[in-house]
**Q** 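Can you read through this structure? Questions will come right after.
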Amino acid sequence: MPSTLSTILDELRATGSKLVAVSKTHPPEELMPLYLEGQRDFGENRIQEMATKRELMPKDIRWHAIGHLQTNKVKFIAPFVHLIHSVDSLKLLQEIDRQAEKAGRVIPCLLQMHIAKEETKFGLDREELFSLLRAPEFADMKHVEIRGLMGMATLTEDRELIRSEFRMMSVLLEELQSGFFSGKESFCELSMGMSSDYKIALEEGSTLVRIGSLLFGPRQN
Ligand SMILES: *Cc1c(COP(=O)(O)O)cnc(C)c1O
């Protein structure tokens with residue numbers, strides 16, 4: 001659906017934010033039309049699927065890990081992953097740091113915040129965030145770079161609730177930019193907004209929207 005892509009890109013251009021095309025469950029032949037239109041950022045939530053697609057697809061694609069990540073899977077993507085959006089524990093970050101060192105690189109990461117009402121969603125609360133940032137182990141990490149925050153809003157028809165959750169993220173990003181990450185210009189990304197709520201996310205300062213079904217149609221699983 002190339003026409004959908006260009007419509008979304010026009011909307012993003014106005015705000016300077018970037019599109020991560022969420023291609024999970026869709027085979028490479030469905031990704032290629034977007035690639036040929038110039039799309040380079042693709043998001044996957046399953047590690048095996050990302051690794052397989054990376055093998056089969058052009059090498060200049062930037063692969064984003066957006067889903068809950070198990071520590072024992074990090075090694076499979078460490079050599080190439082462009083950005084990990086879903087860091088939700090110190091333990092996971094330590095493993096990313098270890099695997100990045102082995103791969104001889106620094107892996108850019110976002111800290112995932114739990115902003116939704118659903119308990120099932122992953123992410124850190126405020127207290128967990130600050131305890132991660134204050135951990136001595138975190139201070140020692142040399143192979144991860146925290147670039148910003150990620151969050152998923154509540155799945156609801158209540159637009160104002162979604163807006164307030166995204167706004168909390170923007171406020172937190174600013175707080176960290178002038179506090180813990182002060183002087184670190186690379187700490188600037190807000191990954192928020194999916195097919196159903198990305199317009200609200202853009203209005204609230206999103207710099208990276210993760211859009212799947214709007215681009216690729218409904219998923220099978
Ligand atoms: C699947 C997924 C998306 C995209 O969802 P759509 O509603 O299809 O746009 C975005 N972010 C995460 C973390 C996802 O798992």
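Atom set for the values below is all heavy atoms of this structure, side chains included, hydrogens, waters and symmetry mates excluded.
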**Q** Does any part of the side chain of His82, heavy atoms only, come nearer than 4.5 Å to the side chain of Asp41, both counted from C-beta?
**A**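 The answer is yes, as the side chains (C-beta and beyond) meet within the 4.5 Å cut-off.
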
**Q** If you measure from CD on Gln48 to OG1 on Thr52, what distance do you get to the nearest 0.5 Å?
**A**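 With rounding to 0.5 Å, CD (Gln48) is 4.5 Å from OG1 (Thr52).
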
**Q** Using the rule given for side chain to side chain donor-acceptor pair (under 3.5 Å), can you reason through Glu37 versus Ser6, listing the C-alpha separation, both sets of side-chain angles and the distance that settles it, and then say yes or no?
**A** CA-CA 9 Å; Glu37 293 247 323; Ser6 53; 5.2 Å; no

**Q** Is the Phe42 ring parallel, tilted or perpendicular to the Trp63 ring (thresholds 30°, 60°)?
**A**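 Ring orientation of Phe42 relative to Trp63: tilted.
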
**Q** Cluster question for you: counting only ILVMFWY and a side-chain heavy-atom cut-off of under 4.5 Å, with indirect links fine, are Val144 and Leu132 together?
**A**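 They do share one cluster, since a chain of ILVMFWY contacts under 4.5 Å joins Val144 to Leu132.
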
**Q** Between Arg98 and Glu101, does any side-chain N to carboxylate O distance fall below 4.0 Å?
**A**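 Salt bridge between Arg98 and Glu101, a charged N being under 4.0 Å from a carboxylate O: no.
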
**Q** Check step by step if side chain to side chain contact (heavy atoms under 4.5 Å, CB included) holds for Asp197 and Leu155.
**A** CA-CA 9 Å; Asp197 56 19; Leu155 189 61; over 6 Å; no

**Q** Looking just at side-chain N and O atoms, do Glu145 and Ser186 make a donor-acceptor pair shorter than 3.5 Å?
**A**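 A pair is found: one side chain offers a donor N or O, the other an acceptor, under 3.5 Å apart.
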
**Q** For the residue pair Leu31 and Met57, establish whether any side-chain heavy-atom pair is separated by less than 4.5 Å.
**A**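 The answer is yes, as the side chains (C-beta and beyond) meet within the 4.5 Å cut-off.
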
**Q** Would you say Glu157 has more than 12 foreign heavy atoms packed within less than 6.0 Å of its CD?
**A**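 No, because the 6.0 Å sphere around CD of Glu157 holds 12 heavy atoms or fewer from other groups.
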
**Q** List the residues meeting side-chain contact (heavy atoms from CB on, under 4.5 Å) with Leu161, not counting sequence neighbours, and say none if there are none.
**A**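 In terms of side-chain contact (heavy atoms from CB on, under 4.5 Å), with neighbours along the sequence ignored, Leu161 is linked to Lys117, Thr154, Thr156, Asp158, Ser164, Glu165.
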
**Q** Output, in order, the C-alpha distance, side-chain angles, deciding distance and verdict of side chain to side chain contact (heavy atoms under 4.5 Å, CB included) for Phe80 and Met50.
**A** CA-CA 10 Å; Phe80 69 88; Met50 180 191 284; 3.8 Å; yes

**Q** Any side-chain heavy atom of Pro58 sitting closer than 4.5 Å to one from Tyr35?
**A**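 Yes, at least one pair of side-chain atoms sits under 4.5 Å.
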
**Q** With rounding to the nearest 0.5 angstrom, report the CG to CE distance, Leu56 to Met32.
**A**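 Spacing of CG (Leu56) from CE (Met32) equals 11.0 Å.
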
**Q** Counting C-beta onward and ignoring hydrogens, is there a side-chain heavy-atom pair between Thr7 and Asp10 closer than 4.5 Å?
**A**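 In short, these two side chains do not touch, never coming nearer than 4.5 Å.
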
**Q** Kindly give the heavy-atom pair with the smallest separation between Thr25 and Lys53, and that separation in Å.
**A**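 Heavy atoms of Thr25 and Lys53 come nearest at N-NZ, 4.1 Å.
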
**Q** In Å and rounded to the nearest 0.5 Å, what is the OG to CD distance from Ser170 to Glu175?
**A**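 It is 12.5 Å, given to the nearest 0.5 Å.
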
**Q** Shortest non-hydrogen contact from Ser86 to Gln112?
**A**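 Heavy atoms only, the tightest pair is CB-OE1, 3.3 Å.
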
**Q** Does the side chain of Asn45 pick up a donor-acceptor pair with the side chain of His68 at under 3.5 Å?
**A**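 No.
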
**Q** When hydrophobic residues are tied together by side-chain contacts of less than 4.5 Å, even through go-betweens, does Ile107 share a cluster with Ile47?
**A**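 They do share one cluster, since a chain of ILVMFWY contacts under 4.5 Å joins Ile107 to Ile47.
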
**Q** Any idea which heavy atoms bring Arg105 and His143 closest together, and the distance?
**A**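 Smallest interatomic distance, heavy atoms only, reads O-CD2, 3.3 Å.
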
**Q** Is there side-chain contact between Met192 and Met150, with heavy atoms separated by less than 4.5 Å?
**A**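 No, every pair of side-chain atoms sits at 4.5 Å or beyond.
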
**Q** Using side-chain heavy atoms (C-beta onward) and a distance below 4.5 Å, is Leu133 in contact with Leu111?
**A**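 Yes, their side chains come closer than 4.5 Å.
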
**Q** At what distance, to the nearest 0.5 angstrom, does CD1 of Ile66 lie from CD1 of Ile84?
**A**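 Going from the CD1 atom of Ile66 to the CD1 atom of Ile84 covers 12.5 Å.
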
**Q** Out of curiosity, Leu208 CG to Leu149 CG, how far, rounded to the nearest 0.5 Å?
**A**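 Leu208 CG to Leu149 CG: 11.5 Å, rounded to 0.5 Å.
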
**Q** Looking only at heavy atoms, what is the nearest atom pair of Glu128 and Leu124, with distance?
**A**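 Heavy-atom minimum between the residues: OE1-CA, 3.4 Å.
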
**Q** Determine whether Ser182 and Gln177 satisfy the following criterion, side chain to side chain donor-acceptor pair (under 3.5 Å), listing intermediate values before the conclusion.
**A** CA-CA 5 Å; Ser182 134; Gln177 281 178 317; over 6 Å; no

**Q** Is any side-chain N of the basic residue among Lys199 and Glu11 closer than 4.0 Å to the acidic one's carboxylate O?
**A**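 Yes, Lys199 and Glu11 are salt-bridged.
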
**Q** Looking at Arg163 and Glu203, does any basic side-chain N land under 4.0 Å from a carboxylate oxygen?
**A**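 Salt bridge present between Arg163 and Glu203.
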
**Q** Carefully, step by step, assess Leu176 and Phe130 under the rule side chain to side chain contact (heavy atoms under 4.5 Å, CB included).
**A** CA-CA 10 Å; Leu176 293 169; Phe130 283 100; 3.8 Å; yes

**Q** Within the side chain of Lys102, is there an N or O that forms a donor-acceptor pair under 3.5 Å with the backbone of Pro79?
**A**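 Not at all, since once roles are kept as given, no pair shorter than 3.5 Å links the two residues.
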
**Q** Do Arg40 and Asp60 sit within salt-bridge range, that is, some charged N less than 4.0 Å from a carboxylate O?
**A**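 Looking at Asp60 together with Arg40, the answer is yes, because their closest N to O distance falls below 4.0 Å.
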
**Q** Does either side chain, that of Ser191 or that of His85, offer a donor lying less than 3.5 Å from an acceptor on the other one?
**A**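 Yes, His85 and Ser191 have a side-chain donor paired with an acceptor closer than 3.5 Å.
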
**Q** Checking Lys73 against Gln70: is there a side-chain donor and acceptor pair closer than 3.5 Å?
**A**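 The criterion, which ignores hydrogens and geometry beyond distance, is satisfied for Lys73 and Gln70.
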
**Q** Transitively linked via ILVMFWY side-chain contacts under 4.5 Å: Ile211 with Ile162?
**A**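 In one cluster: yes.
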
**Q** Can you confirm whether Leu93 sits close enough to Ile146 that some side-chain heavy atom of one is under 4.5 Å from a side-chain heavy atom of the other?
**A**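 Contact flag for Leu93/Ile146 side chains = yes.
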
**Q** Ignoring hydrogens, what is the shortest heavy-atom contact between Gln39 and Ala21? Give both atom names and the distance.
**A**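 Residues Gln39 and Ala21, closest heavy atoms: NE2-N, 3.8 Å.
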
**Q** So which atom in Ile8 and which in Tyr198 form the shortest heavy-atom distance, rounded to 0.1 Å?
**A**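 Result for this residue pair: CG1-OH, 4.0 Å.
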
**Q** If you define the side chain from C-beta out and look only at heavy atoms, does anything of Leu19 sit under 4.5 Å from Leu5?
**A**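 In short, these two side chains touch, coming nearer than 4.5 Å.
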
**Q** I need the Ser195 OG to Leu215 CG distance, nearest 0.5 Å.
**A**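 Interatomic distance, Ser195 OG to Leu215 CG, rounded to 0.5 Å: 6.5 Å.
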
**Q** Please determine whether a side-chain nitrogen of the Lys or Arg among Glu189 and Lys18 lies less than 4.0 Å from a carboxylate oxygen of the Asp or Glu.
**A**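 Salt bridge present between Glu189 and Lys18.
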
